[in-house]
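Only heavy atoms go into these numbers, but all of them, side chains included; no hydrogens, no water, no symmetry mates.
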Amino acid sequence: MNWRRVGYGLLVALLGLAWWAMWATVRRAVDRDDAPAAVARAKASGLANRAAGWQVLANQRRAVVVPAASGPVTHATRGAAGTNDAVAWPVPGPGELAVCGHGIVKSVEVAPESPGEPSRQDLPEDLKQRLADDMDAQLAGLRPAPGVRRGPAAFALLQERLDDLVTLAVNERDPLALQWASKVCAKSHDTACARLPPRLWVSLEPDNAVAWIWLARQDISALAEALHRIQLASRYDDGSGRLLQAVDAGLPADTPLSLRAWALFKALSQEATALSSMHEAASVADWCAKARVADANRRQPCGALAELMVGQGRDLLTRSIGVSLGNWAGWPAERVNRLRAEVTAVRDAAPRRFAALDVDGPYGCRTAAAMVTYARAIGELGEWQVWSRPEPAGR
C-alpha cells in the first residue's frame, strides 16, 4: 500500500509538503556529506512556508475523551463525554467519510496520484475550506488554562501574536520562550523583535550550545566566543517538541477532541517551520564545513558540537547533521557508518509509522485520537526517541 494514501494526508496537515521536500534534499546531501549546500538549497525552497493541504478535522460540537486504541468501531452513537471507555463512532459506507465531530459526510472521488493506483475518496474542497476556517476561528478564540507554565507564551506563538510572545519571553526570563521568539523573529521584520536582548538567552542557559549558536547567528562578531562556549557546553536543547507539551497542557480539560487535535496539528506545523532545527543546521553546517575544520581551532568545537547533536538531538535532522559534523571532524569511519545506518533506519521507518496512525480514515475521530497520542509522545520524548522505538510486529 502506498503510504501517501493512508498517512500522507495527515502528514501534510502536521508538517507540510514543503518540510518533507526540504528533508529529502537535506537527507540526500547528508548521505554524501554535502550538508552545507543542501541546507542552503532547503532554506531557499521555503523553510518558512505554512504547512500545505487541508486534511481537516471538523468542528467538534461536544467534548469527546480520547478513546482506547482497541474496541470495535460501529454505527452506534458515540459514547458520552467524560468516560474513559472506548467510544464507538459511526462507520461510513461507500461514498462516505467520517469526519470527527461532524458525522458522516458524502465524499467525492479523487483521481489517483500516480499511474496504476486506485482513485480515493476525499471531502469536497469547499467543505474542507469551511471546516478549516471554522477550526481556525475557534483556535483564535482560545486562551490557556490558568496556572500552566508557558501556556500564555505557547498560545501567543500558536496564535501568531508575536508582540505578546516577545513581551512574555523577556518579562518572564524564560529560556524556552526566548528560543521561540528568537526563531520566529529570524523570519520576521516585526518591530517587537527589537525588544529581544541578544544576550539574555545565553545568560540564562550558558550550558546550552543552541543558545550560543543563536547568539552567533544574530551577531557574527560573537562567533569565536560562541564556538568556545559551545566546546564547553553540556547540553543541546533546541526545544524540539516542547511547544506541543505547552499547548496540550494549556488547553482546558474539556477541550473537544477535534479542537485539541487541530491545535496540536498547528503546533506541529510551527515546530516544522518557524521552530525548525533547520535554523541551527544551516549555521553549524557553514561554521563546521569540511574545509573549515581542517583548522584544529575550529575542529575541536565542531567535534564537541557533533557529540552533543548525536547524543542529545531530539529530532532526526539534528542527529543527521551531527553525524556529518562528526565525520568532518575526523570521527572513525566505523562510528560514522554505524550512526548513519541508525539515522537511515529511523528515517525510512517514518512513512510506515505515519501510515499506522490512520485508524478510521484521515478525518475520523480514532485517527484524531491516535494523532493526539503521537503529538504528546513527540512533546515528551522528541521525534528521534519516538521514531526509534521498535515498530509493532507485522508492520
Side-chain angles (χ1 to χ4, degrees), residues 1-31 51-53 55 57 66-71 73 97-98 100 110 112-122 240-241 244 261 264-265 267-269 271-272 276-277 310 313-320 323 337-395:
M1 179 183 293
N2 186 336
W3 69 275
R4 289 168 43 154
R5 280 276 161 69
V6 182
Y8 191 57
L10 291 167
L11 182 58
V12 165
L14 296 174
L15 302 178
L17 288 167
W19 189 90
W20 278 95
M22 287 187 295
W23 168 241
T25 303
V26 174
R27 179 192 70 194
R28 290 190 296 270
V30 167
D31 287 342
Q55 291 297 356
L57 293 169
V66 175
S70 59
V73 180
L97 284 172
C100 189
V110 178
E113 297 174 354
S114 302
E117 295 183 349
S119 59
R120 57 187 175 86
Q121 296 298 309
D122 203 348
S240 176
L244 295 168
L264 291 174
F265 291 168
L268 276 164
S269 175
E271 291 271 2
S276 171
S277 57
V310 300
R314 284 170 58 89
D315 69 351
L316 187 56
L317 179 59
T318 298
R319 297 273 179 152
S320 300
V323 174
N337 292 336
R338 174 177 57 80
L339 291 172
R340 277 186 176 159
E342 291 176 3
V343 167
T344 300
V346 172
R347 179 198 71 207
D348 291 347
R352 296 191 297 273
R353 293 184 182 277
F354 276 105
L357 297 175
D358 191 306
V359 183
D360 60 350
Y363 307 96
C365 285
R366 285 187 177 275
T367 296
M371 297 306 292
V372 168
T373 300
Y374 167 79
R376 286 171 172 168
I378 294 290
E380 178 184 358
L381 302 172
E383 177 185 272
W384 176 262
Q385 291 297 329
V386 172
W387 288 7
S388 297
R389 292 171 173 172
E391 293 186 77
R395 291 207 175 270

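Going from atom CH2 of Trp384 over to atom CG of Asp315 covers 10.0 Å, rounded to the nearest 0.5 Å. Rounding to the nearest 0.5 Å places OG1 of Thr373 at 12.0 Å from CD1 of Ile378. Ser277 OG to Glu383 CD: the interatomic distance, rounded to the nearest 0.5 Å, is 8.0 Å.
When all heavy atoms are compared, the tightest approach of Val372 to Leu264 is CG1-CD1, 4.0 Å. Residue Leu268 comes nearest to Ala375 through the heavy atom pair CD1-CB, 4.3 Å, listed as atom of the first residue, atom of the second, then distance. Closest approach of Pro118 to Pro112, counting heavy atoms only: O-CB, 3.6 Å. For the residue pair Val323 and Val343, the shortest heavy atom distance occurs at CG2-CG2, 4.4 Å.
Arg389 meets the salt bridge (Lys or Arg N to Asp or Glu O under 4.0 Å) test with no other residue; sequence neighbours excluded. Residues forming a side chain to side chain contact (heavy atoms under 4.5 Å, CB included) with Ala341 (at least two apart in sequence, or on another chain): none. Listed by chain and residue number, Gln245 satisfy the side chain to side chain contact (heavy atoms under 4.5 Å, CB included) test with Glu380 (two or more places apart in sequence, or in another chain). By the side chain to side chain donor-acceptor pair (under 3.5 Å) test, Gln385 pairs with no residue at all, sequence neighbours left out. Applying the side chain to side chain donor-acceptor pair (under 3.5 Å) rule to Ser240 yields no partners; only residues at least two apart in sequence or on another chain are considered.
Under a 3.5 Å cut-off, the side chain of Thr367 and the backbone N or O of Tyr363 do not form any donor-acceptor pair. In this structure, Thr318 contributes its side chain and Arg314 its backbone to no donor-acceptor pair below 3.5 Å. With hydrogens and angles ignored, the 3.5 Å screen pairs no side-chain donor or acceptor of Arg347 with any backbone N or O of Leu316. Proximity of a side-chain donor or acceptor of Arg120 to a complementary backbone N or O of Val110 within less than 3.5 Å is not detected.
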